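Heads up: the structure comes next, in structure tokens.
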2 protein chains.
Amino acid sequence: MVTIEDVARRAGVAPSTVSYALSGKRSISERTRERVERAVAELGYRPHAGARALASARTSTLGLMIPLRQGVDVNVMMQFVLGIVTRAREFDHDVLLVTQDEDAGLERLTGGRMVDALILMDVEAADPRVGRAARLAQPTILIGLPDDPQGLHCVDFDFDAAARLAVRHLADLGHTSIGLVGPPPAVLERHTSFAERLLHGFREQVERSGVTGLVELTPPTHAGALAAVEALRGASEPPTALVVHNEAALPWVVDALQMHGAGIPTDVSLVAICPAAVAQSQSRPVSFIDLPATTIGAVAVEMAMDRLEEQGGAAETRLLGPVLVDQGSTAPPPHVSP
Amino acid sequence: MVTIEDVARRAGVAPSTVSYALSGKRSISERTRERVERAVAELGYRPHAGARALASARTSTLGLMIPLRQGVDVNVMMQFVLGIVTRAREFDHDVLLVTQDEDAGLERLTGGRMVDALILMDVEAADPRVGRAARLAQPTILIGLPDDPQGLHCVDFDFDAAARLAVRHLADLGHTSIGLVGPPPAVLERHTSFAERLLHGFREQVERSGVTGLVELTPPTHAGALAAVEALRGASEPPTALVVHNEAALPWVVDALQMHGAGIPTDVSLVAICPAAVAQSQSRPVSFIDLPATTIGAVAVEMAMDRLEEQGGAAETRLLGPVLVDQGSTAPPPHVSP
DNA sequence: CCGTTCCGTCGAAGCGCTTCGGCTGGACGG
DNA sequence: CCGTCCAGCCGAAGCGCTTCGACGGAACGG
């Protein structure tokens with residue numbers, strides 16, 4: 001293998017000079033740097049990651065703990081991962097994968113100095129990992145919003161605001177009864193933080209706007225979606241607008257409405273809370289509030305990098321604000337329309 | 001940080017003894033080993049991964065290159081990843097993630113000695129990565145079956161056999177016209193190996209069984225599935241049985257058949273080629289040929305480990321055989337039924 | 001009873017890199 | 001003209017681990 005010494009010899013300098021030339025941590029003359037760079041290119045030199053980690057106490061690697069829970073939408077998850085890996089590479093870092101179910105995964109990665117920082121996906125309201133992560137030497141970023149972050153940085157979508165935005169938008173159009181097609185019951189039972197915040201925002205805004213709010217927790221199946229739509233339309237005050245936060249069920253909801261002969265948006269308005277890609281791949285355009293998963297992943301990486309730069313810094317929580325993209329699936333309710 | 005020297009001191013032995021006690025590479029007395037293990041536990045010792053990699057030229061890390069292509073089903077992909085990560089951990093290895101689009105991702109991981117071996121997902125028929133991977137010092141396992149594996153190990157599902165099995169099963173029931181709801185056109189245009197093998201197997205068995213075969217490449221949308229079903233049912237010789245290899249479209253196909261008033265399996269038989277989990281989450285039970293993604297991932301890891309043990313060994317290709325699970329969505333065609 | 005063998009342990013030499021202190025020579029000010 | 005300073009480079013000391021050769025002592029055979 002090509003070592004730094006080979007490069008040094010070829011460039012006619014000391015190994016330390018090569019190191020400094022490449023890292024830029026000390027001033028090096030233009031001439032020398034060029035010689036070093038040429039030698040690197042000619043020999044195809046690549047620093048040994050382990051050696052570097054040993055000497056510098058930095059691994060240039062981020063640990064990523066991904067969930068293996070049911071009800072977690074894989075599309076959204078992949079978006080997170082994509083955002084994280086891509087942004088990490090831009091900081092010259094790599095990503096090491098651990099799964100949720102591994103016993104001491106966190107401790108193994110950090111104790112073994114395999115990673116500089118950790119990103120935990122899908123953090124629940126009372127997640128046991130938070131306490132453990134807070135005890136580690138390495139900075140940890142949580143994707144999600146636990147009840148008690150214990151001094152850790154968090155980043156997430158502002159589901160509360162998203163739900164309020166959706167309801168306000170619909171209420172402003174004149175709707176007086178709004179239905180929420182929510183996540184599967186299992187997700188809520190786990191006290192997943194985002195689901196609870198979504199519901200909270202929904203209920204709060206419903207009250208503020210003085211409209212009726214109906215909630216259906218919906219399994220991501222045809223039958224589940226059908227049942228939810230049926231339940232809502234059979235209510236004493238059937239909603240004229242639907243907020244859907246359930247990627248997997250969304251197509252079925254659209255389908256079910258069509259089967260019910262309910263036109264969108266003439267009879268029923270529809271707002272989805274999902275990644276743009278999902279909304280755009282529906283059989284008809286659906287107005288949506290973008291769930292910026294890729295961005296959240298990227299932000300998580302940025303926060304990790306920040307903490308690595310400057311050890312100080314109080315725990316920060318960043319909630320990305322909702323943006324509604326109108327694609328024509330919302331309109332005033334039938335009886336208000338001209 | 002707790003080092004091997006701390007452990008040695010506490011156990012009253014030399015550092016090298018600790019190393020041997022933990023690795024088992026030399027015989028160590030029972031008494032000493034216990035003392036070492038106790039010291040390790042008491043101090044919470046975890047070997048520094050970088051130091052270990054440097055000294056032993058082994059990283060205990062596998063590189064995994066995941067695709068970011070369109071038309072790749074994320075559910076199946078996650079299954080692969082799950083299988084890989086889980087099995088890797090059983091071999092005491094970790095998994096480092098790279099994305100397809102990174103320029104010299106392979107070379108970076110291997111040149112920097114970050115990984116012991118590499119697993120490439122979603123390898124196409126003429127994949128440019130194969131040539132590059134073949135040139136690396138580290139063993140590489142391909143998931144997929146390129147036209148020329150160039151001496152690399154491959155593992156994949158036997159799509160050819162799966163398609164033949166499906167057709168044979170249906171032909172044996174008496175069906176004389178069989179439709180294939182295939183992957184999106186984009187997948188085939190990329191010359192994705194699995195899609196081509198599936199089609200090949202389908203056409204071959206159709207011929208052998210002396211039945212009519214119709215193929216519809218199908219986008220994973222409601223509209224796409226609807227169009228495919230319509231096209232098939234509008235054919236001069238409408239198929240009385242459908243083979244579906246398109247996870248995303250499967251629910252829509254079921255839906256479309258119901259809308260057409262075609263009973264399953266009374267009017268139309270249905271066989272899906274998909275992971276068991278997908279088949280079982282449909283609105284009605286669907287007979288399926290299991291696409292054992294998790295297993296394939298696990299096998300890929302095993303092959304990598306094999307190659308790490310014994311450097312020799314000719315290039316091996318393992319194709320996992322298809323197994324049909326009857327869930328009652330197939331039956332003889334209408335005119336044959338009693 | 002002594003030589004051989006083997007088991008269990010130790011010491012030391014790296015693995016390839018970073019980093020700190022030190023050295024040099026030229027620029028600069030007085 | 002000499003002292004000072006600094007940019008630019010070198011040398012060496014580790015980082016924490018594995019591994020190889022060596023060594024002491026117990027066990028064993030002749």
Side-chain angles (χ1 to χ4, degrees), chain A residues 1-37 39-40 43-61 92 108-116 137 308, chain B residues 1-37 39-40 43-61 92 108-116 137 308:
Chain A
M1 120 169 253
V2 182
T3 72
I4 199 171
E5 224 151 333
D6 300 328
V7 176
R9 211 170 307 127
R10 176 132 193 164
V13 297
S16 55
T17 304
V18 174
S19 177
Y20 286 124
L22 293 179
S23 71
K25 294 194 177 176
R26 277 197 184 180
S27 61
I28 293 287
S29 72
E30 189 68 12
R31 214 173 72 84
T32 310
R33 224 210 21 244
E34 274 168 14
R35 281 234 303 283
V36 169
E37 273 163 9
V40 164
L43 297 175
Y45 167 69
R46 305 205 183 246
H48 187 294
R52 171 173 281 184
L54 182 56
S56 68
R58 279 295 216 99
T59 62
S60 295
T61 301
D92 247 304
R108 203 170 47 78
L109 290 198
T110 55
R113 296 290 186 280
M114 313 182 73
V115 301
D116 291 339
L308 287 176
Chain B
M1 120 170 254
V2 181
T3 73
I4 199 171
E5 223 151 333
D6 300 328
V7 176
R9 211 170 306 127
R10 177 133 192 163
V13 297
S16 55
T17 304
V18 174
S19 178
Y20 286 124
L22 293 179
S23 72
K25 294 195 177 175
R26 277 196 185 179
S27 61
I28 292 286
S29 73
E30 188 66 37
R31 215 174 70 85
T32 311
R33 224 208 24 244
E34 274 168 15
R35 281 235 303 283
V36 168
E37 273 164 9
V40 164
L43 297 175
Y45 167 69
R46 307 211 182 239
H48 187 293
R52 171 173 281 183
L54 183 55
S56 68
R58 279 297 215 97
T59 63
S60 295
T61 301
D92 247 305
R108 203 169 48 78
L109 289 199
T110 54
R113 298 290 188 279
M114 312 183 73
V115 300
D116 292 339
L308 287 175

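Each chain gets a letter, A, B and so on, in the order its sequence line appears, and its residues count up from 1. All of these numbers come straight from a predicted model, not from anything done at the bench.
Residue contacts shown for B/S16 include a base, since a base heavy atom lies under 4.0 Å away. Within 4.0 Å (heavy atoms only), A/R26 reaches at least one base atom of the nucleic acid.
Proximity of B/Y20 to the phosphate of D/dC17: no side-chain N or O atom is located under 4.0 Å from OP1 or OP2.
Regarding A/I28, its CD1 atom lies at a distance of 8 Å from the P atom of D/dC10, rounded to whole Å. Put simply, CD on B/E5 is 12 Å from P on C/dA12, counting in whole angstrom units. Whole-Å rounding puts the B/E34 CD to C/dT9 C1' distance at 17 Å. Look at CZ on A/R33: it is 15 Å from C1' on D/dC9, rounded to the nearest Å. In this structure, A/R9 atom CZ and C/dG16 atom C1' are separated by 13 Å, rounded to whole Å. Atom-to-atom, CZ of A/R31 to P of D/dA7 comes out at 19 Å; the value is rounded to the nearest Å. Atoms CD1 (A/I4) and C1' (D/dC9) sit 14 Å apart, rounded to a whole Å.
Distances from the side chain of A/S27 to the nucleotides D/dG8, C/dT19, D/dC17 place D/dG8 closest. Nearest to the side-chain atoms of A/T3 among the listed nucleotides C/dG16, D/dG8, D/dC10 stands C/dG16. Nearest nucleotide to the side chain of B/Y45, out of D/dC17, D/dG11, C/dC17: D/dC17.
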